[in-house]
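First comes the structure, then the notes that go with it.
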Amino acid sequence: MKVTLSALNTSESSFTPLVVIELAQDVKEETKEWLKNRIIAKKKDGGAQLLFRPLLNKYEQETLENQNLYLVGASKIRMLLGAEAVGLVKECNDNTMRAFTYRTRQNFKGFDDNNDDFLTMAECQFIIKHELENLRAKDEKMIPGYPQAKLYPGKSLLRRLLTSGIVIQVFPLHDNEALKKLEDTWYTRFALKYQPIDSIRGYFGETIALYFGFLEYFTFALIPMAVIGLPYYLFVWEDYDKYVIFASFNLIWSTVILEVWKRGCADMTYRWGTLLMKRKFEEPRPGFHGVLGINPITGKEEPLYPSYKRQLRIYLVSLPFVCLCLYFSLYVMMIYFDLEVWALGLHENSGSEWTSVLLYVPSIIYAIVIEIMNRLYRYAAEFLTSWENHRLESAYQNHLILKVLVFNFLNCFASLFYIAFVLKDMKLLRQSLATLLITSQILNQIVESLLPYWLQRKHGVRVKRKMQALKADIDATLYEQVILEKEMGTYLGTFDDYLELFLQFGYVSLFSCVYPLAAAFAVLNNFTEVNSDALKMCRVFKRPFSEPSASIGVWQLAFETMSVISVVTNCALIGMSPQVNAIFPESKADLILIVVAVEHALLALKFILAFAIPDKPRHIQIKLARLEFESLEALKQQQMKARD
């Protein structure tokens, strides 16, 4: 018998606040009351059946500072039923991983009716976010008190409240005690050690834990490339035929590390339960809009939007815009080469030390312009992808990542390809590659971590002064925490972090035989990146909502595609070297044929390696097969009972 929310009492007089909703200062009382009623109403009445109260000071009074701040939580029973609704997977007493159900809750390891730690705080916050995002308009035509904020059946209420400026933000609260424990084992003591990935997952969720796991893995995987590349840089710089060995190692390395990562990722996500989560019938994303109807697959009521309209938007608007941006990027690249010619001519005419330093200025300027263009394009890509109105969050992310990757790849690497294969200037290629790599790393460290940390420290000092000015009338625990956290920056997800690693992987692998020192710079950057990103997550930004993930998603394909391109570029560069050309002084056709044959052989070896290394370890394959077999057996028994 299935347990329903309406059959259980999910209300509590007091609750642990998990999520904060900040409203605009001038929101009307009728709007506040309507929002409260929708949040606390039962599911059968179109509500979220959550707990909701204003933020109060220690005298249980609202103050001017907090009159627009509200706390959201849920009862234990509501959380458990929410865990079943979102499909959380937990470990059973027999050590298997199964989707949690309230009816069979006693079968799960660590569950006790008197124990509130069965669900992590991150999982509880994810459940609340899921329920708030799935609050949808029924019969309302507008938000009460705001006739301009139109509603139609199926529209996400939270989305409309945010776009109308009625709700400023919704964010989960930090658990200061748990955060302090995590910091002590993560980054406060600088040392070469493994990160506490399981603890990161317990606090921030699987998506962020997978990013830090991949960052750590990729950093350690770069060390062999750095160690081998260092003597090549120091001793055999111009001896290009020796780089055949280095380029071949690069090929095997880039293939093996990505395949081994997939195995390690499967092992982690099985242990966390997300490898088994059913994402097949993912619910519509909050930004999706359309006419309310019945989903023919799930039978649920949800917005429906014709796919042909989405395709028209993609091919008639988004695609031409992306092509225009790519053309602009190439135009800026040609301006950079004009500056290089100008700087080189100035140096040849004067030959002074000042002009020799000036030779690096065009590359530095171009690297800064690239970073600015990448960030501006990112905003445009997000707007376009949202306007395309994708139903699923996964589809939205895939289209956004594709747009950004195409532009960033061309923007960051087009000049290097032009120097390598059109100008054929290996000295300029090494100089440009080194300048782009080092400048981008320095800019990313400043923009992503140092600047936000400095701004946050200044804000923290202001908040503490404000608290002292209130003459201790305020309970300086929850109140101060909410006031402090609401002004923190918002973490926008792992997109930019993965993009940084993707571009770094390109700098290391695409032109490894020309600049083997790139891996060493990447290792040095990543050791500091681990700590700066950890600081950023814990102290600079608000706590992000947990998001279940079974892998790094489309980024795995992006890295694999980059490794394929690197085979082609390294083979071509070796084929262009003077030493290899000297072997075929008269017949260039033979040289081209041999280079193409070697490139195809290396690609074949790459795909054989990818096929030979299973994506999932053997013990994970067995456990998944056993679960599938048990599901089929259970289905057979149900069918037999139905016949009887």
Whether the side chain of [X] engages the backbone of [Y] through a donor-acceptor N/O pair (distance < 3.5 Å, no angle test) should be reported.
X: Glu216; Y: Gln195; value: yes
X: Tyr315; Y: Arg310; value: no
X: Lys542; Y: Met488; value: yes
X: Gln621; Y: Lys616; value: yes
X: Asn570; Y: Ser509; value: yes
X: Thr439; Y: Leu436; value: no
X: Arg543; Y: Tyr203; value: yes
X: Asn411; Y: Phe407; value: no
X: Thr490; Y: Leu492; value: no
X: Gln125; Y: Leu173; value: yes

In this structure, is the centre-to-centre distance between the rings of [Y] and [X] below 6.0 Å?
X: Phe126; Y: Phe545; answer: no
X: Phe220; Y: Tyr194; answer: yes
X: Phe214; Y: Phe559; answer: yes

Is there a side-chain contact between [X] and [Y] in this structure, where contact means two heavy atoms from C-beta onward sitting under 4.5 Å apart?
X: Pro544; Y: Phe171; answer: no
X: Ser546; Y: Glu123; answer: no
X: Trp387; Y: Val317; answer: yes
X: Gln481; Y: Asn176; answer: yes
X: Leu215; Y: Val530; answer: yes
X: Val19; Y: Lys129; answer: no
X: Phe204; Y: Leu182; answer: yes
X: Leu275; Y: Ile620; answer: yes

So which atom in [X] and which in [Y] form the shortest heavy-atom distance, rounded to 0.1 Å?
X: Ala221; Y: Trp253; result: O-NE1, 2.6 Å
X: Ile419; Y: Leu429; result: CG2-N, 3.5 Å
X: Leu162; Y: Val167; result: CD2-O, 3.4 Å
X: Ala522; Y: Gln441; result: CA-NE2, 3.7 Å
X: Ser254; Y: Ser563; result: OG-CB, 3.7 Å
X: Ala367; Y: Leu443; result: O-CD1, 4.4 Å

Is it the case that more than 12 heavy atoms not belonging to Phe328 sit under 6.0 Å from its CZ atom?
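For Phe328, atom CZ is not crowded (no more than 12 foreign heavy atoms under 6.0 Å).
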Nearest 0.5 Å please: distance from the [atom1] atom of [X] over to the [atom2] atom of [Y].
X: Leu437; Y: Asn525; atom1: CG; atom2: CG; result: 8.0 Å
X: Ser532; Y: Asn526; atom1: OG; atom2: CG; result: 9.5 Å
X: Ile552; Y: Thr269; atom1: CD1; atom2: OG1; result: 11.5 Å
X: Ile252; Y: Leu609; atom1: CD1; atom2: CG; result: 6.5 Å
X: Asn374; Y: Tyr377; atom1: CG; atom2: OH; result: 10.0 Å
X: Met373; Y: Met333; atom1: CE; atom2: CE; result: 10.5 Å

The test is side-chain contact (heavy atoms from CB on, under 4.5 Å); show your working for Leu88 and Leu119 and say whether it passes.
CA-CA 10 Å; Leu88 288 186; Leu119 296 175; 4.1 Å; yes
Between Trp555 and Phe495, is the ring-ring contact (aromatic ring centres under 6.0 Å, His included) condition met? List the steps.
CA-CA 9 Å; Trp555 290 105; Phe495 186 97; 5.5 Å; yes
Assess the residue pair Asp267 and Lys262 against the criterion (salt bridge (Lys or Arg N to Asp or Glu O under 4.0 Å)); give the C-alpha distance rounded to whole Å, side-chain angles, the decisive distance to 0.1 Å, and a yes or no.
CA-CA 9 Å; Asp267 195 42; Lys262 282 195 282 190; over 6 Å; no
Between Arg539 and Glu183, does any NZ, NE, NH1 or NH2 come within less than 4.0 Å of an OD or OE carboxylate oxygen?
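Judged by the 4.0 Å cut-off on N to carboxylate O distance, Glu183 and Arg539 do form a salt bridge.
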So, [X] and [Y]: side-chain donor and acceptor under 3.5 Å apart, yes or no?
X: Glu388; Y: Ser318; value: yes
X: Trp186; Y: Asn531; value: no
X: Asp496; Y: Tyr491; value: no
X: Asn398; Y: His390; value: no
X: Asp533; Y: Tyr211; value: yes
X: Ser549; Y: Thr207; value: yes
X: Gln504; Y: Glu500; value: no
X: Tyr336; Y: Ser432; value: yes

Are Val564 and Leu603 close enough, and set up right, to give a side-chain contact (heavy atoms from CB on, under 4.5 Å), and what steps lead you there?
CA-CA 7 Å; Val564 171; Leu603 283 176; 3.9 Å; yes
Go through Glu177 and Lys180 one step at a time and tell me if the salt bridge (Lys or Arg N to Asp or Glu O under 4.0 Å) criterion holds.
CA-CA 5 Å; Glu177 185 178 344; Lys180 186 69 172 66; over 6 Å; no
Arg271 vs Asp198, salt bridge (Lys or Arg N to Asp or Glu O under 4.0 Å): CA-CA, chis, key distance, verdict
CA-CA 10 Å; Arg271 189 172 70 249; Asp198 286 330; 2.9 Å; yes
Would you kindly check if the NZ (Lys) or CZ (Arg) of Arg378 is within the cone defined by 45 degrees around the ring axis of Phe383 and under 6.0 Å from the six-membered ring centre?
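That pair does not qualify as a cation-pi contact.
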Please walk me through it: do Thr219 and Phe527 pass side-chain contact (heavy atoms from CB on, under 4.5 Å)?
CA-CA 7 Å; Thr219 303; Phe527 274 125; 4.2 Å; yes
Could you walk me through whether Phe417 and Thr569 pass side-chain contact (heavy atoms from CB on, under 4.5 Å), step by step?
CA-CA 9 Å; Phe417 279 98; Thr569 56; 3.2 Å; yes
Apply salt bridge (Lys or Arg N to Asp or Glu O under 4.0 Å) to Lys403 and Glu382, showing your working.
CA-CA 9 Å; Lys403 287 185 184 72; Glu382 285 179 344; over 6 Å; no
Decide yes or no on ring-ring contact (aromatic ring centres under 6.0 Å, His included) for Phe413 and Tyr507, but give the supporting numbers first.
CA-CA 8 Å; Phe413 299 118; Tyr507 287 128; 5.0 Å; yes
